[in-house]
Amino acid sequence: MTHSDAELRAILDSVKTVAIVGVSTNPVRPSYYVARYLDLKGYRVLPVNPVSAGQEVFGARIAPSLKALAEAGETVDMVDIFRRSEDAGAVVDEALEHLLGHGLKVIWMQIGVIDEAAAARAREAGVTVVMNLCPKMEYQRLFGELAMGGFNTGRLSSRLT
């Protein structure tokens, strides 16, 4: 399923808290800089990674699971999945089981992450699903930070601050 620019903009406007599953503590990893970017844009980022649980990235303690976020009483509007496609279904199922009563509106699967069956389960539960896109790149494109081609705009920068 593809989403119009208006739909993607509405998603990014409505979401306030994002749980990023698979976030890395390594600043050169895409999951780190996407999380950092969203944090700098005013989203409340809740990092999730069982391997790095308890560590901190940009002032947020990394949770071991989505279930742990729910048990801590966190409200999560969107889950951003930085896992392989074959692992995405388990993340979606955990989100549906533990976060539906905690504000979950959107499941976003990163570029290259596609699981049609998991997407169908989420949509059936009333959750919007975006697959094979990056919220950072879409934010930049839709909110004037990145031209369609991504070059010669005079506005593109790799700076986080």
Can you check whether [X] reaches [Y] side chain to side chain, under 4.5 Å on heavy atoms?
{"X": "H3", "Y": "V130", "result": "yes"}
{"X": "R44", "Y": "L46", "result": "yes"}
{"X": "M78", "Y": "P135", "result": "yes"}
{"X": "D115", "Y": "V92", "result": "no"}
{"X": "I20", "Y": "P47", "result": "no"}
{"X": "E94", "Y": "L66", "result": "yes"}
{"X": "L40", "Y": "F58", "result": "no"}
{"X": "F143", "Y": "D13", "result": "yes"}

Check [X] against [Y] and note the closest heavy-atom contact, atom names and distance.
{"X": "V57", "Y": "S24", "result": "CG1-O, 4.1 Å"}
{"X": "D80", "Y": "V34", "result": "OD2-CG1, 4.0 Å"}
{"X": "L8", "Y": "E138", "result": "CD1-OE1, 3.5 Å"}
{"X": "A63", "Y": "A53", "result": "C-CB, 4.2 Å"}

message: Would you compute the distance between atom SG of C134 and atom CZ of R141 and round it to the nearest 0.5 angstrom?
response: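 So the SG of C134 and the CZ of R141 are separated by 11.5 Å.
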Linking I/L/V/M/F/W/Y whenever their side-chain heavy atoms sit closer than 4.5 Å, directly or via other members, would [X] and [Y] fall into one cluster?
{"X": "Y37", "Y": "F82", "result": "yes"}
{"X": "L142", "Y": "L38", "result": "yes"}
{"X": "V45", "Y": "L69", "result": "no"}
{"X": "I81", "Y": "Y33", "result": "no"}

Passing candidate, side-chain contact (heavy atoms from CB on, under 4.5 Å) with M109, options V79, L133, V91, V129: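 Single side-chain contact (heavy atoms from CB on, under 4.5 Å) partner of M109 among V79, L133, V91, V129: V129.
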field: Given L99, T128, D77, the one that forms side-chain contact (heavy atoms from CB on, under 4.5 Å) with L104
entry: L99
message: Between the side chains of K41 and E145, is the shortest nitrogen-to-carboxylate-oxygen separation below 4.0 Å, so that they form an ion pair?
response: yes
- prompt: Are R121 and E124 close enough for a salt bridge, meaning some N to O gap below 4.0 Å?
  reply: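 Between E124 and R121 there is no salt bridge, as every charged N stays at least 4.0 Å from the carboxylate O atoms.
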query: Got a donor-acceptor contact below 3.5 angstrom from the S65 side chain to the A68 backbone?
result: yes
